[in-house]
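Before any comments, here is the structure.
Just the heavy atoms: all of them, side chains too, but no hydrogens, waters or symmetry mates, feed the values below.
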Number of protein chains: 2
Amino acid sequence: MAVTIQDVAKAASVSVATVSRVVNNIPLVSEDTRQRVLAAIEDLGYEPNEVARSLKVRKTNTIGIILDDITRPQYTTVSRGATDACWMYGYNVILANTDSDEEKEESYLKVLLQKQCDGILVINRKVNDNFAEKLALSGIPVVLGTISDKEKKFTRVSIDNVKAGYDATKYLYENGHTDVGYIMASRDYYTVCEERIIGFNKAAEEFGLNAKEEWCVECVTTKFADNDAVEGYDAMEQILSSKQLPTAIFAANDEIAIGAIKCIEAKGLKVPADISVIGFNDYWISEWFKPQITTVSYPMYDVGAVCARQLIKKISSGIKELNADDSMIIPHDIVIRQSVKNLNE
Amino acid sequence: MAVTIQDVAKAASVSVATVSRVVNNIPLVSEDTRQRVLAAIEDLGYEPNEVARSLKVRKTNTIGIILDDITRPQYTTVSRGATDACWMYGYNVILANTDSDEEKEESYLKVLLQKQCDGILVINRKVNDNFAEKLALSGIPVVLGTISDKEKKFTRVSIDNVKAGYDATKYLYENGHTDVGYIMASRDYYTVCEERIIGFNKAAEEFGLNAKEEWCVECVTTKFADNDAVEGYDAMEQILSSKQLPTAIFAANDEIAIGAIKCIEAKGLKVPADISVIGFNDYWISEWFKPQITTVSYPMYDVGAVCARQLIKKISSGIKELNADDSMIIPHDIVIRQSVKNLNE
DNA sequence: ATGAAAGCGCTAACAA
DNA sequence: TTGTTAGCGCTTTCAT
């Protein structure tokens with residue numbers, strides 16, 4: 001049987017109220033009794049029961065993180081940033097992997113709510129209308145990390161994916177590429193990819209790029225694939241089957257880029273000599289891959305940390321209403337490596 | 001204000017006990033009242049408060065996972081397996097990243113205990129004596145995933161790292177390699193690497209391999225490195241500076257292998273033509289890397305799932321004593337790809 | 001400065 | 001079959 005506040009009170013010959021006061025550092029205790037209580041605590045090895053405390057104060061200091069799959073490098077780093085920030089502020093995190101399965105999303109959310117989480121962080125690839133409504137109805141603070149909701153109901157922390165897609169494409173243009181295409185993940189699962197392609201299209205139009213329809217392909221995402229490399233490979237194969245070939249491809253993430261590069265090389269072509277590829281996310285392997293992959297990077301760890309901070313801010317301020325005003329954009333960057341050839345030289 | 005069991009009782013004109021009975025599916029309720037209660041629950045949108053329940057029944061259905069860094073591919077997959085299994089059995093998981101920092105380990109453990117976790121899963125690279133003692137003292141079930149404790153106090157779920165190291169080395173030998181070396185991560189951080197090298201040494205002795213001291217290097221692990229590739233690179237550089245060169249290197253994990261291969265190529269040598277490299281873990285990129293990396297694989301997801309299952313079994317059986325009898329060994333495998341040359345052909 | 005006591009929302013004897 | 005009630009371990013008013 002664990003030792004309780006009662007035991008400590010008895011041992012120190014004080015009331016439980018006093019013990020509670022010293023445990024919670026409430027000043028109105030004489031130095032004398034404080035020491036006695038501290039001694040008793042030390043003595044008995046007392047540790048406060050957080051669930052009793054939570055019940056009483058109606059606060060658990062726990063937040064739920066709902067995400068697709070912690071195994072994906074993008075999410076794993078964001079989660080790490082979020083978790084670290086949470087612990088820093090005295091919050092624990094309960095992790096829920098949903099694999100974008102609507103049923104899981106709902107049931108996990110329900111459990112998180114029953115556990116009286118103080119707030120919820122969603123790092124899914126997508127939040128559909130149904131889930132968005134459930135989230136809104138939950139009555140606790142919610143922030144979205146890396147994803148967007150079309151109605152801008154929620155606080156969101158992310159990079160500017162449209163601009164990032166635009167920047168990547170612009171970089172291709174600046175390097176002399178005008179025949180360009182893209183490979184994106186299935187828009188059913190990745191809202192952000194969709195945004196990146198909006199940026200691509202914007203740049204294509206602005207710079208008068210020739211982005212033939214057959215060079216622009218959307219992957220058929222296998223829901224539970226470990227990574228997108230296979231899909232990138234297949235998509236590239238499709239692109240390479242067109243009569244005329246683009247000089248550069250914008251891959252919506254680095255795994256897709258890796259698959260695409262493999263495919264290009266399998267057909268006896270070279271990257272970047274024959275076809276250039278630009279990736280997205282700056283996954284660590286991109287630096288070690290051959291060729292080293294030029295990509296768009298952004299501080300995922302920071303995105304996670306900022307998410308958590310915004311969520312905790314909401315929790316402590318006691319504001320329950322949904323509000324997207326405190327959304328934040330985290331800056332991104334192009335990291336130039338070897339997979340894009342400069343056609344101007 | 002959230003709706004409570006009281007509200008439901010009132011709405012259905014029954015006692016809270018009856019509501020509790022229908023919520024918990026306790027049969028002794030007439031179909032009639034059950035329906036009335038169910039209707040009231042539906043009506044008010046009642047969700048049971050798990051923290052009140054936990055306080056009463058002294059069980060939280062929550063387990064804590066203590067691990068170094070969820071960001072590491074090995075751990076991330078193990079965690080995923082563990083988390084999935086937990087949810088399947090109705091348990092939530094609180095995640096604690098420690099970066100092998102002893103202070104964090106202790107304070108996170110304390111918090112997990114205060115939160116009244118029903119059990120603890122440790123997937124650290126190492127558990128030192130001090131932490132092991134704290135764990136043992138916690139009084140709740142503990143299982144270790146992928147790591148070993150020398151005194152075999154804890155239940156452990158893992159592959160047989162010694163045998164795996166032996167098998168990898170034997171594979172090198174079978175392919176005609178007798179001049180071999182290894183690169184291992186710092187033994188200060190990775191207990192498993194140490195075990196793998198024990199296997200290497202065993203094989204080296206058994207097959208009479210020539211494993212020169214200067215070909216066997218232990219990385220100087222930078223505590224918070226994203227990955228071990230840099231260390232693998234540096235270690236290989238050191239090996240390549242020896243007068244005579246080995247024909248094959250056993251890398252203690254795939255990231256190290258990637259770094260080593262990069263280094264070999266940077267010196268103008270080829271893998272596997274000049275030097276063979278065998279990795280460990282079968283990280284997905286190994287299949288996409290050039291050359292594709294021959295490696296030792298094991299089902300990390302399953303290790304995690306089995307960990308969780310063993311832990312939950314302990315929890316439900318109510319056995320608090322430490323006991324390593326239910327430890328489990330998960331089989332491993334050599335996956336043959338292109339980074340090891342067959343010298344016999 | 002300290003203590004008594006009510007009560008957070010729930011479960012589980014025990015009674016009826 | 002249903003209700004009453006005593007806690008689970010803690011915080012927090014309100015007295016003293």
Side-chain angles (χ1 to χ4, degrees), chain A residues 1-38 40-41 44-62 90 110-111 113-118 139-140, chain B residues 1-38 40-41 44-62 90 110-111 113-118 139-140:
Chain A
M1 202 70 253
V3 13
T4 74
I5 201 170
Q6 300 277 356
D7 304 324
V8 177
K10 206 168 296 170
S13 332
V14 294
S15 72
V16 294
T18 302
V19 178
S20 174
R21 286 188 190 106
V22 350
V23 168
N24 294 294
N25 278 312
I26 292 166
L28 311 151
V29 187
S30 75
E31 192 49 33
D32 196 45
T33 51
R34 152 168 271 108
Q35 290 307 333
R36 250 197 0 271
V37 171
L38 254 20
I41 288 175
L44 303 177
Y46 168 71
E47 294 287 351
N49 181 327
E50 263 302 315
V51 355
R53 179 172 207 289
S54 294
L55 176 60
K56 181 64 192 176
V57 304
R58 298 146 173 289
K59 184 152 185 305
T60 54
N61 287 311
T62 299
K110 185 179 264 185
V111 173
L113 260 19
Q114 292 183 346
K115 289 254 172 186
Q116 313 298 117
C117 284
D118 297 331
I140 63 173
Chain B
M1 205 67 259
V3 11
T4 74
I5 201 171
Q6 300 277 357
D7 304 325
V8 178
K10 207 168 296 171
S13 330
V14 293
S15 73
V16 293
T18 301
V19 179
S20 175
R21 286 188 190 104
V22 351
V23 168
N24 295 294
N25 278 312
I26 292 166
L28 312 149
V29 187
S30 75
E31 192 49 34
D32 196 46
T33 51
R34 151 169 270 105
Q35 290 307 332
R36 254 203 350 278
V37 171
L38 253 20
I41 288 175
L44 303 176
Y46 167 72
E47 294 287 352
N49 181 329
E50 262 304 313
V51 355
R53 179 171 206 290
S54 294
L55 176 61
K56 179 65 192 174
V57 304
R58 296 148 174 286
K59 183 151 185 310
T60 53
N61 287 311
T62 300
K110 185 179 265 186
V111 172
L113 259 19
Q114 292 184 347
K115 290 255 172 183
Q116 311 299 115
C117 285
D118 297 330
I140 63 173

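Using a 4.0 Å heavy-atom distance criterion, Ser30(B) is classed as a sugar-phosphate-only contact.
Candidate nucleotides dA12(C), dC10(C), dC10(D) were compared by shortest atom distance to the side chain of Thr4(A), and dC10(D) ranks first. Nearest to the side-chain atoms of Ser20(A) among the listed nucleotides dA12(C), dT11(D), dC10(C) stands dT11(D). For Asn24(A), whose side chain is taken as the heavy atoms from C-beta onward, the closest listed nucleotide among dC10(C), dT11(D), dT12(D) is dT11(D). Considering only side-chain atoms of Val29(B), the nucleotide from dC10(D), dA12(C), dT2(D) that sits closest is dT2(D). With distances taken from any side-chain atom of Val16(B) to the nucleotides dG9(D), dT5(D), dC10(C), the minimum falls on dT5(D). Closest to the side chain of Val57(A), from the set dC8(D), dC10(D), dT11(D), is dT11(D). Ranking dT11(C), dT2(D), dT11(D) by closeness to the Thr33(B) side chain, first place goes to dT2(D). When distances are taken from the side chain of Arg58(B) to each of dT11(D), dG9(D), dA1(C), the shortest belongs to dG9(D). Ranking dA1(C), dG9(C), dG3(C) by closeness to the Val14(A) side chain, first place goes to dG3(C).
When the side-chain hydrogen bond (donor to acceptor under 3.5 Å, both in side chains) test is applied to Ser30(A), the partners found at least two apart in sequence or on another chain are Thr33(A).
What separates CZ of Arg21(A) from P of dC10(D) is a distance of 15 Å, to the nearest Å. At whole-Å resolution of the value, CD in Gln114(B) and C1' in dC10(D) are 13 Å apart. If you take CG of Leu55(B) and P of dT11(D), they are 12 Å apart, rounded to a whole angstrom. For the pair Gln6(A) CD and dA5(C) P, the interatomic distance rounds to 13 Å; values are reported in whole Å. Look at NZ on Lys115(A): it is 14 Å from P on dC10(C), rounded to the nearest Å. In this entry the distance linking CD of Glu50(A) with C1' of dT11(D) reads 12 Å, nearest Å. A straight line from CD1 of Ile26(B) to C1' of dC10(C) spans 12 Å, rounded to a whole angstrom. The distance between atom NZ of Lys59(B) and atom C1' of dG9(D), rounded to the nearest whole Å, is 19 Å.
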*Check the pair Asp118(A) / Thr62(A) against side chain to side chain contact (heavy atoms under 4.5 Å, CB included), numbers first and verdict last.*
CA-CA 6 Å; Asp118(A) 297 331; Thr62(A) 299; 5.5 Å; no
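Side-chain nitrogen and oxygen atoms of Arg34(B) include none within less than 4.0 Å of the OP1 or OP2 phosphate oxygen of dT1(D). Between dT4(D) and Ser15(B), no contact under 4.0 Å exists linking OP1 or OP2 to a side-chain N or O. The side chain of Ser54(B) contributes no N or O atom lying less than 4.0 Å from OP1 or OP2 of dC10(C). Contact check, Thr18(B) against dG3(D): a side-chain N or O comes under 4.0 Å of OP1 or OP2. The phosphate of dC8(D) has neither OP1 nor OP2 within less than 4.0 Å of any side-chain N or O from Asn49(A).
Around atom NZ of Lys110(B), no more than 12 heavy atoms belonging to other residues, nucleotides or ligands sit under 6.0 Å away.
Of the options Val3(B), Val23(B), Asp7(B), a side chain to side chain contact (heavy atoms under 4.5 Å, CB included) to Ile41(B) is made by Val23(B) and by none of the others.
Annotation: side chain of Cys117(A) is not in contact with side chain of Leu113(A) (no heavy-atom distance under 4.5 Å).
Side-chain contact annotation: Thr60(B) with Lys115(A), donor-acceptor N/O pair under 3.5 Å absent.
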